[in-house]
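Okay, so here's the structure we're looking at.
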Amino acid sequence: MTGILNSRIVLAQHPQGMPQLSDFTIEAAIPVAAPGPGEVIVEVDVLGIDAFIRTMLEDRKGYHGSVGIGDTVTALGVGRITHSAAEGFEPGDSVFGPLGAQTVARLPAAFLRKIDTSAVPATTYLGALGLTTGLTAYFGMHAVGAIKPGDTVVVSAAAGAVGSLAGQIARLEGAGQVIGIAGGPHKTAFLVDELKFDAAIDYKNDDVALRLSELAPNGVDVFFDNVGGAILDAVLMQIHEGARVVICGAISQYSDMSNVSGPSNYLKLAERHSKMEGFAVTHFAERFPEAELALTGWLKGGQLVVHEHVEHGIEQFPRALQMLFTGGHEGKLLLSVR
Ligand SMILES: NC(=O)c1ccc[n+]([C@@H]2O[C@H](COP(=O)([O-])OP(=O)(O)OC[C@H]3O[C@@H](n4cnc5c(N)ncnc54)[C@H](OP(=O)(O)O)[C@@H]3O)[C@@H](O)[C@H]2O)c1
């Protein structure tokens, strides 16, 4: 035993629809055993609250796998090694990896990546330089969206982690007009005032199709979609000839994955010689260094506005997960576990 105690969030039942607090329990003061060969103990600092976590809570195996009843809920995080039985990993090293919704993780070091926190805070490896955030925005916009100078670009869930970076990357890569779709006047103001998007549509109060036809009368060249459902349908009606519709995610559909609502306006793709292409960031694993170089350059040059929303306390994990669906945050949603 290490003398260290862990508190973890456990799945009590598979959520039906929006995750409820009763779908989770917290187990506290669990003694942590010494690391086995190749393992390390990590004191978790901050967790990323990511949409894929919800898809893993389903009572069936999803793309990212599934969390069983009684298991620690999956989450990516950053932390510091306290004990090591793995070559190349020392106590004090900062690491990123699948630490789980808990305060202390014991896991194979092979699952972890050592991170350099001398130039950027550790949370940057969850946000702007994070797999599920910065890298996702980069490959979705740069590789799949294939931005061309002067393009009119629309991003949904634009005030969130991926969306806020995707829109800025579009601008950095030469887009002519960047329009964000988000919920509520506070978020649309954030997009225009802080992130310097050209315009924003409040899908909770505006008629999205009407506003798009006003803002982009010549059509949309690239749609970076994080939401799916009715928003995807509304933008499909407004695509330009040769448009690229990037399926990054469909957060409006994750609470009922057995009944995903497909786009009824997909024939616009044929009419306007356009394509719709999905991707998972892991498909670009061999090109991660390229994305890290580009993102680091923009960060160093002060060209990316990075926003983090931090909740506190491991016991707040279920509420933080709910926030991802109710939209109470801007930028990257994080949970500081202490
Ligand atoms: N392809 C990949 O490899 C990959 C990797 C990572 C993430 N993703 C996807 O990227 C998307 C964004 O993830 P994120 O982590 O950056 O989350 P996020 O955008 O920070 O948070 C989700 C946002 O979605 C909006 N939203 C939630 N429910 C909605 C609904 N029913 N209709 C419209 N908007 C809704 C909320 O903003 P509002 O307040 O504006 O509603 C919320 O802030 C997700 O679809 C996720 O699955 C894909």
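All values below were derived from every heavy atom in this structure, side-chain atoms included, with hydrogens, water molecules and symmetry-related copies excluded. Counting starts at 1 for both ligands and their atoms, following the listed order. Sequence positions, counted from 1, serve as the residue numbers for this chain.
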Checklist entry - Under a single-linkage definition using a 4.5 Å side-chain heavy-atom cutoff for Ile, Leu, Val, Met, Phe, Trp and Tyr, are Val40 and Ile30 assigned to the same hydrophobic cluster? => result no
Checklist entry - Given the rule in the side-chain contact (heavy atoms from CB on, under 4.5 Å) test, do Leu76 and Leu47 qualify, once you have shown the distances and angles that lead to the verdict? => result CA-CA 6 Å; Leu76 296 173; Leu47 297 172; over 6 Å; no
Give me the nearest non-hydrogen protein atom to [atom] as residue plus atom name, then the distance to 0.1 Å.
{"atom": "atom 36 (C) of ligand 1", "result": "Gly327 CA, 3.9 Å"}
{"atom": "atom 30 (C) of ligand 1", "result": "Ser252 CB, 3.8 Å"}
{"atom": "atom 4 (C) of ligand 1", "result": "Thr136 CG2, 3.5 Å"}
{"atom": "atom 28 (N) of ligand 1", "result": "Phe325 O, 3.4 Å"}
{"atom": "atom 13 (O) of ligand 1", "result": "Val162 CG2, 4.2 Å"}
{"atom": "atom 40 (O) of ligand 1", "result": "Gly183 N, 2.8 Å"}
{"atom": "atom 39 (O) of ligand 1", "result": "Lys187 NZ, 2.7 Å"}

Is there a donor-acceptor pair under 3.5 Å between the side chain of [X] and the backbone N or O of [Y]?
{"X": "Thr152", "Y": "Ala216", "answer": "no"}
{"X": "Lys187", "Y": "Gly327", "answer": "yes"}
{"X": "Arg272", "Y": "Ile239", "answer": "yes"}
{"X": "Arg244", "Y": "Phe223", "answer": "no"}
{"X": "Asp207", "Y": "Ala209", "answer": "yes"}
{"X": "Ser336", "Y": "Val46", "answer": "no"}
{"X": "Asn265", "Y": "Asp233", "answer": "yes"}
{"X": "Asn6", "Y": "Val32", "answer": "no"}

Please report whether ligand 1 has a polar contact with [X], defined as an N or O pair separated by less than 3.5 Å (distance criterion only).
{"X": "Tyr203", "result": "yes"}
{"X": "Phe279", "result": "yes"}
{"X": "Asn226", "result": "yes"}
{"X": "Cys248", "result": "yes"}
{"X": "Tyr254", "result": "yes"}
{"X": "Thr132", "result": "no"}
{"X": "Thr326", "result": "no"}
{"X": "Ile231", "result": "no"}
{"X": "Met323", "result": "no"}

Next on the checklist: Suppose we call two aromatic rings close when their centres sit under 6.0 Å apart. Are Phe279 and His283 close by that rule?
Outcome noted: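 Ring centroids of Phe279 and His283 are no less than 6.0 Å from each other.
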Element-labelled atoms of ligand 1 that are located less than 4.0 Å from some non-hydrogen atom of [X]:
{"X": "Val281", "result": "2 (C), 3 (O)"}
{"X": "Ala51", "result": "44 (C), 46 (C), 47 (O)"}
{"X": "Ala161", "result": "16 (O), 18 (P), 19 (O), 20 (O)"}
{"X": "Gly331", "result": "20 (O)"}
{"X": "Ala182", "result": "40 (O)"}
{"X": "Gly249", "result": "45 (O)"}

Has [X] got any heavy atom lying under 4.0 angstrom from an atom of ligand 1?
{"X": "Ala250", "value": "yes"}
{"X": "Ala280", "value": "yes"}
{"X": "Val227", "value": "yes"}
{"X": "Gly228", "value": "no"}

Next on the checklist: Nearest 0.5 angstrom please: Leu131 CG to Phe284 CZ, how far?
Outcome noted: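 Leu131 CG to Phe284 CZ: 12.5 Å, rounded to 0.5 Å.
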Regarding [atom]: of the candidates [options], which has the closest heavy atom?
{"atom": "atom 19 (O) of ligand 1", "options": "Ala159, Gly160, Ser156", "value": "Gly160"}
{"atom": "atom 25 (C) of ligand 1", "options": "Ile251, Ile49, Ile247", "value": "Ile251"}
{"atom": "atom 20 (O) of ligand 1", "options": "Met18, Lys332, His329", "value": "His329"}

Checklist entry - If you draw a 6.0 Å radius around CD in Gln303, do more than 12 non-hydrogen atoms from other residues or ligands fall strictly inside? => result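 Atom CD in Gln303 is crowded, with more than 12 foreign heavy atoms closer than 6.0 Å.
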Checklist entry - With a 4.5 Å limit on heavy-atom distance, are the side chains of Ile181 and Ile231 in contact? => result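 Yes, side chains in contact.
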Next on the checklist: I'd like to check Met141 versus Ile147 (side-chain heavy atoms, cut-off strictly below 4.5 Å). Are they in contact?
Outcome noted: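 Sidechains of Ile147 and Met141: in contact.
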Checklist entry - In terms of the angle between their ring planes, are Phe325 and Tyr254 parallel, tilted or perpendicular, with boundaries placed at 30° and 60°? => result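 Phe325 and Tyr254: perpendicular rings.
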Checklist entry - Between Arg80 and Glu43, is there a salt bridge with N-O shorter than 4.0 Å? => result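 A salt bridge is absent here (no side-chain N lies under 4.0 Å from a carboxylate O).
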Checklist entry - Under a 4.0 Å heavy-atom limit, does Leu324 contact ligand 1 with its side chain, its backbone, both, or neither? => result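 Contact part for Leu324 vs ligand 1: both backbone and side chain.
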